[in-house]
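To start, the structure under review is shown below, and the notes come after it.
Below, chains carry the letters A, B, ... as their sequence lines are ordered, and counting in each starts from 1. Fair warning: this is a prediction, and the values are worked out from it, not measured in the lab.
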2 protein chains.
Amino acid sequence: GEKRIAIYGKGGIGKSTTVANLSAALSNQDLKVMVIGCDPKADTTRTLYGQRLPTIINTIEENKNPSLEDIVFKGYNDILCTESGGPKPGVGCAGRGVIVAMKNLEKLNAFDEDLDVRFYDVLGDVVCGGFSVPLRKDYADEVYIVSSGEYMSLYAANNISRGIKKLKGNLSGIILNKRNVLNEEDIVSIFAEKIGTKVVGVIDRSHLIQDAELDAKTVVEKYPESVEAELYSVLAENILNNNEKSTPEPMDEDEFEDFFKS
Amino acid sequence: GEKRIAIYGKGGIGKSTTVANLSAALSNQDLKVMVIGCDPKADTTRTLYGQRLPTIINTIEENKNPSLEDIVFKGYNDILCTESGGPKPGVGCAGRGVIVAMKNLEKLNAFDEDLDVRFYDVLGDVVCGGFSVPLRKDYADEVYIVSSGEYMSLYAANNISRGIKKLKGNLSGIILNKRNVLNEEDIVSIFAEKIGTKVVGVIDRSHLIQDAELDAKTVVEKYPESVEAELYSVLAENILNNNEKSTPEPMDEDEFEDFFKS
Ligand SMILES: Nc1ncnc2c1ncn2[C@@H]1O[C@H](COP(=O)(O)OP(=O)(O)O)[C@@H](O)[C@H]1O
Ligand SMILES: Nc1ncnc2c1ncn2[C@@H]1O[C@H](COP(=O)(O)OP(=O)(O)O)[C@@H](O)[C@H]1O
Ligand code: SF4
Ligand SMILES: [Mg+2]
Ligand SMILES: [Mg+2]
């Protein structure tokens, strides 16, 4: 059956980079993948398609009845790519793009595609409005949080876990995207354990990933023989084989502060 | 008259640190200052009060009719401190804390205090719901954006500018809080110029600021003779003397990408 996976995390932590590279790695195993950007930044699919896609919310503004080809595009290895986008800042709920996108994708039967993996890349700085929609069972069955070992990132991860728990969802694991903090792997492993989950994979910080991105490519496409590409293949494998998920046990504020101090 | 200032910027960029230290610096000039935290992280006032304050939204949950003393507290040099807080993630709009806070502060005449400066420290990762409330003229007359020279931070600053423009507000300047990026001062100066504003002050990255924070103090309180404390005094002076504001001219997406590439 199709694996439907929502990826959350603090803004700038590496969700889009992780989703794009994971998708590329999975496509190299001949799996059919779809990527749905749910961040107003609308740049998850840029390295898969080669440039920024028009967003669903912008397309709808000009054309009330778009066809599927107007909003879903084929990228690297035929990965299906689409971007929700967001309304203009200051104009209503920033998450409205996600809500509009889901409605239109459903209407056009985009979710009926015969897929192996579907990713939602979701803004995680606030867990509300449209941004909490992919946490619901009708959209995703698994949730991963991308985090580094930095305070701000783990604070956001803990917050996202609160949202998951509130919405009766499950957490499948944490993807450690390193920022070269001291003892980073230990910090994040202990954090994962404390909230009742585990680290499902580690991606090292690397110039090569940024190099490829400047070229609007994933590192998996541009440097397929690299250690970086291999790390994404390993992560992809771990995710495909991961059947564990749990109701997260977020830390309350004092617990989180104590955890970070020690 | 009272200067009412809203401080925006990407999560983690240094808004709370800047607001707390600015307030401490201003209080050392015998000015009466009030700080209103409008970020669900609710930690703007921790270094002024010495510990995390109970939030207005949590206080209301237990006591429908709080007194002013239940929600506004005196910190360092009698700076008035209050935290909006946020609802639990996944439960409605994250900005609801700000809306509830404003309502209760008004009801209790907190805004009738005889003040010289009032700061709102506002989450800037999305500009919607309660988080856009401090942009309205009934709350603040001036808006500053805290930013580093990093792509993500300037992207957020550009986004916030779109929100300000949409809500017919003004931008008074950018506060550069350095992250030691190459050519940081030039990058941020050029960005400021492009969106029709200017850099109003620069704060260097410094361990001493974090050292004081671990002690739940501002660097202005803990190390009053330091270069760091002096930088905040200079910034405070620049802000007090700044009477220029402008409707921001946010860059569209392609402009922003080109600006960053060059
Ligand atoms: N493992 C990594 N090594 C080096 N750079 C990275 C890595 N992961 C992400 N980045 C860079 O960090 C920036 C933010 O990543 P992005 O995926 O856009 O974050 P998000 O989608 O969470 O906002 C991008 O410029 C990206 O190239
Ligand atoms: N100029 C600086 N030098 C060193 N550390 C800083 C500086 N400004 C902020 N920080 C640190 O960065 C972190 C985030 O700052 P904070 O003010 O909480 O961000 P925000 O309120 O924008 O989310 C804090 O740990 C703070 O101590
Ligand atoms: S629900 Fe969340 S995204 Fe929507 S207006 Fe409120 S803060 Fe913004
Ligand atoms: Mg992204
Ligand atoms: Mg803050």
Side-chain angles (χ1 to χ4, degrees), chain A residues 8 10-14 39-43 46 51-52 55 58 85-97 123-132 135-136 150-153 155-156 158-169 210 213-214 216 250 253-254 256-257 260-261, chain B residues 8 10-14 39-43 46 51-52 54-55 58 85-97 123-132 135-136 150-153 155-156 158-169 210 213-214 216 250 253-254 257 260-261:
Chain A
Y8 280 79
K10 178 174 172 52
I13 206 58
D39 190 318
K41 279 196 278 173
D43 58 3
R46 179 177 165 274
Q51 64 186 39
R52 276 177 155 270
T55 65
N58 287 351
K88 304 212 187 336
V91 186
C93 179
R96 190 165 68 80
L123 177 146
D125 301 291
V126 290
V127 189
C128 49
F131 302 122
S132 60
L135 291 176
R136 306 200 321 227
E150 296 160 303
Y151 177 91
M152 293 271 144
S153 170
Y155 184 97
N158 194 51
N159 221 36
I160 292 161
S161 304
R162 283 203 191 110
I164 295 172
K165 180 176 186 183
K166 178 71 193 167
L167 295 168
K168 307 204 190 310
Q210 286 166 334
E213 185 179 86
L214 282 170
E253 280 178 5
D254 299 327
F256 183 80
E257 295 298 321
F260 220 83
K261 286 203 184 95
Chain B
Y8 280 80
K10 177 172 172 53
I13 206 58
D39 190 318
K41 280 195 280 175
D43 59 3
R46 180 177 163 275
Q51 64 185 39
R52 276 174 158 273
T55 65
N58 287 350
K88 303 211 184 344
V91 184
C93 179
R96 192 165 65 84
L123 177 147
D125 301 290
V126 290
V127 189
C128 50
F131 302 122
S132 60
L135 291 177
R136 306 200 324 226
E150 297 161 302
Y151 177 91
M152 293 270 143
S153 170
Y155 184 96
N158 195 51
N159 221 35
I160 292 160
S161 303
R162 284 202 191 112
I164 294 172
K165 181 175 185 182
K166 180 69 193 169
L167 296 168
K168 307 208 190 313
Q210 288 167 333
E213 186 180 83
L214 283 171
E253 281 178 2
D254 298 327
E257 296 299 321
F260 220 83
K261 286 203 184 93

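Minimum heavy-atom separation, Cys128(A) to Cys93(B): CB-CA, 4.1 Å. Closest approach of Gly90(A) to Leu167(B), counting heavy atoms only: O-CD2, 3.9 Å.
We find the CD-OG1 distance between Glu253(B) and Thr55(A) to be 8.0 Å, quoted to the nearest 0.5 Å.
For chain B, the option among Lys166(A), Lys41(A), Lys10(A) with the highest count of heavy-atom pairs below 4.5 Å is Lys41(A).
Every side-chain hydrogen bond (donor to acceptor under 3.5 Å, both in side chains) that Lys165(A) has, sequence neighbours left out, goes to Glu249(A).
Residue Leu135(B): no heavy atom, backbone or side chain, is found under 4.5 Å from chain A. There is no contact between Arg96(B) and chain A, counting heavy-atom distances below 4.5 Å. Proximity to chain A (any heavy atom under 4.5 Å) is shown, for Pro250(B), by neither the backbone nor the side chain. At a 4.5 Å heavy-atom cutoff, the contact between Pro40(A) and chain B is made by backbone atoms alone.
Each of Asn158(A), Ile164(A), Val127(A) was checked for a side-chain contact (heavy atoms from CB on, under 4.5 Å) with Pro89(B), and the lone residue meeting it is Val127(A). Among Leu123(B), Val126(B), Asp125(B), the single residue meeting the side-chain contact (heavy atoms from CB on, under 4.5 Å) criterion with Asp125(A) is Asp125(B).
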